Number of protein chains: 2
Amino acid sequence: MSQDRPEPPTLLYLIKQVELASRAGLDELTRPAGLTALQYTALTVLERHPDLTAARLARNSFVTAQSMADMVTALLDRGLIDRHRDPRDRRRLVLSLTDDGRRLLDRLRPGVTALETRMLAQLPATAPAELRRLLEACRQGLGTPAEDRAS
Amino acid sequence: MSQDRPEPPTLLYLIKQVELASRAGLDELTRPAGLTALQYTALTVLERHPDLTAARLARNSFVTAQSMADMVTALLDRGLIDRHRDPRDRRRLVLSLTDDGRRLLDRLRPGVTALETRMLAQLPATAPAELRRLLEACRQGLGTPAEDRAS
DNA sequence: GTTTAATCATCAGGAAACCTGTTGATTACT
DNA sequence: AGTAATCAACAGGTTTCCTGATGATTAAAC
């Protein structure tokens, strides 16, 4: 009766836990630069996928365009990103990293890499690839956010 | 030149992606009940670890006690949790689920389980255990949040 | 080709979740 | 006894998210 077995947490919860822990670490790294973890993440997405619009960026992050607008404004104000109209679709405002944004990412990257290394420290060398495979399948299962659609 | 290799995202980013997707799914499930995904998660933690304080709950979620206070207040106001002083340490206000809170969790659980199942749908039956093992090691590596300390 | 529908950006307003900094009460350490 | 650590809470503020509405532009339907 009072003998309740620990009841293992769900996988959903474990994922949240790891994300929370990594966000805390990321925040620590990016705070000195005046960036939040989410802003840093958005910058890395723009680095990997140039010429995204705010709307696409929002879908990629499973949030509404209005939510993303707040962050885009912050990054614009700090001069880390830039934007211009797409001549082929004049509704679209295409985002791109500025040189300042690129420099900031380059400066932060080593710390982030170290954080990831620390996360994986206890695991064998084969684990990262395995974890990647599993996570990508999970993302797929939950409905991948229309990404990686090259020109 | 315009041939940029996709540059695989970091594992930290993949974890965030899966968490974002799962949070979106969770929010959809819990919104009808007037709960956010985070509030639901806090309730499940209290279910698995009765007699936690808000401070412990905060550490468990890698946030400050002040941040957790907002959510605790919301859950108290909705009558989903309760609290009382710990007679052995009168600084502590111990949290516990109310019957209403327990009922709500029971009602939401099937949907959450289905969400997790959907996430894992593409993977073989051995994957969940493997994923759990990897994620637990990651959490450990990032500094586990003083949990699972039974009485 | 004109109407209809979808998409993009944006404004307004608000809620939730985070933070720093401070204070007072209680317990633990010395 | 006195210092340090912990817990809860107050004040005030930022970031991140939402719904709802609007105008501009493109795509689809008729």
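Naming: A, B, ... by sequence-line order, numbering from 1 per chain. Computed from a predicted structure; not experimentally measured.
- With hydrogens and angles disregarded, a donor-acceptor distance shorter than 3.5 Å links the side chain of A:Asp27 to the backbone of A:Ala37.
- Side-chain N/O atoms of A:Thr36 include one lying less than 4.0 angstrom from OP1 or OP2 on D:dT16.
- Between the side chain of B:Glu116 and the backbone N or O of A:Leu11, at least one donor-acceptor pair lies under 3.5 Å.
- OP1 or OP2 of C:dA17 has at least one side-chain nitrogen or oxygen of B:Gln39 nearer than 4.0 Å.
- Judged by distance alone, with hydrogens and angles left aside, B:Arg91 brings a side-chain donor or acceptor within reach of the base of D:dT6, the pair sitting under 3.5 Å.
- Between A:Ser67 and D:dC18 there is a side-chain polar atom (N or O) within less than 4.0 angstrom of OP1 or OP2.
- Residues B:Val112 and A:Thr10 form no side-chain contact, since every pair of their non-hydrogen atoms from C-beta on lies 4.5 Å or further apart.
- Within the 4.0 Å cut-off from OP1 or OP2 of C:dA6, not a single side-chain nitrogen or oxygen of A:Arg92 is found.
- Across all strands, A:Asp70 comes closer than 4.0 Å to base atoms (heavy-atom distances).
- Under a 4.0 Å N-O distance rule, the pair A:Arg133/B:Glu130 does not qualify as a salt bridge.
- Both A:Ala69 and B:Thr64 lie near DNA chain C, and the one whose nearest nucleotide falls closer to the 5' end is A:Ala69.
- For A:Gln66 and D:dG20, a side-chain-to-base donor-acceptor distance below 3.5 Å is present, hydrogens and geometry of angles not being considered.
- Nucleic acid contact for B:Arg23: sugar-phosphate only, since backbone atoms but no base atoms lie under 4.0 Å from a heavy atom of the residue.
- When rounded to the nearest whole Å, the span between CG of B:Asp51 and C1' of D:dC7 equals 16 Å.
- Atom NE2 in B:His84 sits roughly 12 Å away from atom P in D:dA8 (whole-Å rounding).
- Side-chain atoms of A:Arg90 lie closest to D:dT25 of the nucleotides D:dT16, D:dT25, C:dT27.
- Residues B:Asp89 and A:Leu38 both approach DNA chain D. Their nearest nucleotides, taken by heavy-atom distance, put B:Asp89 toward the 5′ side.
- If you measure from atom CG of B:Leu75 to atom C1' of C:dA17, you get 13 Å, rounded to the nearest angstrom.
- Between B:Phe62 atom CZ and C:dA17 atom P there is a gap of 18 Å when expressed in whole angstrom units.
- Rounded to an integer number of Å, the gap from B:Asp86 CG to D:dA8 C1' is 14 Å.
- For B:Arg31, no side-chain nitrogen or oxygen approaches OP1 or OP2 of C:dA16 to under 4.0 Å.
- Remark: P of D:dA8 and CG of B:Leu76 are 12 Å apart, rounded to the nearest angstrom.
- No donor-acceptor pair closer than 3.5 Å links the side chain of B:Arg139 to the backbone N or O of A:Ala21.
- Taking 4.0 Å as the cut-off between side-chain N and carboxylate O, A:Arg103 and A:Asp100 count as a salt-bridged pair.
- Atom CG in B:Leu95 sits about 12 Å away from atom C1' in D:dC7, given to the nearest Å.
- A close approach under 4.0 Å does not occur between any side-chain nitrogen or oxygen of A:Thr53 and OP1 or OP2 of C:dC8.
- To the nearest angstrom, C1' of C:dC18 lies 16 Å from CG of A:Leu35.
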